[in-house]
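First the structure, in the form of structure tokens, and then the observations on it.
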Amino acid sequence: MIVLGSTSEVAQAFVEKALQEGEKFEKIYLFTSNKETTERFARHIDVKFLQQAEVIELDLTKEIDYNRFDNINSNVLFCAVGYLGEGTEEGLYDNRNTERIIDINYSKLVPVMNYFAHKFESRRSGTIIGLSSVAGDRGRQSNFIYGSAKAAFTAYLSGLRNYLFDKKVHVLTIKPGFMATKMTEGLPLNPKLTATPKQAAACIYKAFKKEKNVAYVLPVWSIIMMIIRNIPEFIFKKLKL
């Protein structure tokens with residue numbers, strides 16, 4: 001399995017869930033911008049599951065040497081790359097914040113996804129799982145820079161799914177709502193609408209095995225976002241969301 005964004009609690013929980021369920025991987029490739037933290041996780045799954053893992057440094061803010069990845073092959077790619085950045089109120093006119101959000105969540109990530117998608121296409125097999133966000137379902141004043149990047153990533157995954165369908169490669173889009181992770185630490189999240197990494201991993205694994213196309217981590221979010229998407233624009237633009 002190839003894991004992009006291996007410091008993500010959701011990514012790590014999914015890896016553990018898959019191994020607990022008896023999935024077999026020749027090797028797990030843990031791509032990360034934080035090698036030290038990820039090496040601890042690699043040792044953990046080695047001891048707990050006797051699973052071989054290789055930690056590979058990947059910084060999406062820097063130039064990428066794709067030749068380093070030539071010998072990496074797998075039938076599952078799990079992408080949990082994400083960067084929330086500053087909200088609109090704090091960071092809208094901070095170009096560095098804006099560029100980093102767009103780069104990490106979309107513009108620098110998609111070429112990496114394409115690189116591995118091409119390998120899957122060549123083998124005519126595999127599953128690509130991408131974590132997007134409900135923030136991409138409709139732009140809201142509180143975080144529309146982040147939401148716009150996630151909207152683009154959702155559209156990318158949809159098009160990739162369409163493109164790879166007859167190549168026997170499945171693409172699953174996951175849309176988490178509120179998540180209790182390091183990225184959201186300190187935010188006033190409604191506990192009834194917030195999933196833990198373990199809850200998310202269980203949902204994602206179930207969707208993976210059922211070959212779903214799109215799945216919300218908590219079902220309630222599909223209802224919430226359906227309502228939000230259908231609010232008329234002349235009303236929506238006045239709301240403080």
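Ser158 pairs by the side chain to side chain donor-acceptor pair (under 3.5 Å) definition with nothing, not counting sequence neighbours. Applying the side-chain contact (heavy atoms from CB on, under 4.5 Å) test to Glu89 and every residue at least two apart in sequence or in another chain returns nothing. Under the ring pair (Phe, Tyr, Trp, His ring centres under 6.0 Å) criterion, Phe120 pairs with no residue at all, not counting sequence neighbours. Listed by chain and residue number, Asn67 satisfy the side chain to side chain donor-acceptor pair (under 3.5 Å) test with Asp65 (two or more places apart in sequence, or in another chain). Applying the side-chain contact (heavy atoms from CB on, under 4.5 Å) rule to Lys27 yields the partners Tyr29, Gln52, Glu54; only residues at least two apart in sequence or on another chain are considered. The side chain to side chain donor-acceptor pair (under 3.5 Å) test applied to Tyr205 returns Glu23, not counting sequence neighbours.
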Taking only distance into account, with no hydrogens and no angle test, what donor-acceptor pairs under 3.5 Å do side-chain atoms of residues 55-63 form with protein atoms, sequence neighbours excluded?
| from | atom 1 | to | atom 2 | distance (Å) |
| --- | --- | --- | --- | --- |
| Asp59 | OD1 | Thr61 | N | 2.9 |
| Asp59 | OD1 | Thr61 | OG1 | 2.6 |
| Asp59 | OD2 | Thr61 | OG1 | 3.4 |

Distance-only donor-acceptor pairs under 3.5 Å for side chains of residues 229-241, two or more places apart:
| from | atom 1 | to | atom 2 | distance (Å) |
| --- | --- | --- | --- | --- |
| Arg229 | NH1 | Asp137 | OD2 | 3.2 |
| Arg229 | NH1 | Tyr216 | OH | 3.3 |
| Asn230 | ND2 | Met226 | O | 2.6 |
| Glu233 | OE1 | Arg138 | NH2 | 2.5 |

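Note that NE2 of His170 and CD1 of Ile129 are 8.5 Å apart. Values are rounded to the nearest 0.5 Å. Here the CD1-NZ distance, from Ile204 to Lys17, works out to 11.5 Å after rounding to the nearest 0.5 Å. With rounding to the nearest 0.5 angstrom, the CG atom of Asn73 is 9.0 Å from the CD atom of Glu26.
Under a 4.5 Å side-chain heavy-atom criterion applied to ILVMFWY residues, the cluster that includes Val214 comprises that residue alone. Members clustered with Ile223: Ile227, by chain and number, using a 4.5 Å side-chain heavy-atom cutoff among hydrophobic residues.
In terms of heavy-atom proximity, Phe153 sits nearest to Leu131 at CE2-O, 3.6 Å.
When each of Leu172, Ile2, Val76, Leu164 is paired with Ile128, the side chain to side chain contact (heavy atoms under 4.5 Å, CB included) condition holds for Leu164 and for no other.
Lys48 and Glu16 are joined by a salt bridge, as a carboxylate oxygen and a charged side-chain nitrogen come within less than 4.0 angstrom of each other.
Legend: salt bridge (Lys or Arg N to Asp or Glu O under 4.0 Å) pairs involving residues 91-118, not counting sequence neighbours, sorted by first then second residue: Asp103-Lys108. Applying the ring-ring contact (aromatic ring centres under 6.0 Å, His included) test to pairs two or more places apart or on separate chains, none has a residue in residues 41-61.
Grouping the Ile, Leu, Val, Met, Phe, Trp and Tyr side chains by contacts below 4.5 angstrom, directly or via other members, places Leu193 with Tyr146. Hydrophobic clustering (ILVMFWY, side-chain heavy atoms < 4.5 Å, transitive): Val15 and Leu50 are in distinct clusters.
In this structure, the side chains of Leu109 and Cys79 come closer than 4.5 Å at one or more pairs of heavy atoms.
Put simply, the side chain of Thr194 never gets that close to the backbone of Met179: no donor and acceptor are under 3.5 Å apart.
Looking at Ser6 and Thr32, their side chains never bring a donor and an acceptor atom within 3.5 Å of each other.
For Phe31 and Phe69, the ring centers are positioned less than 6.0 Å apart.
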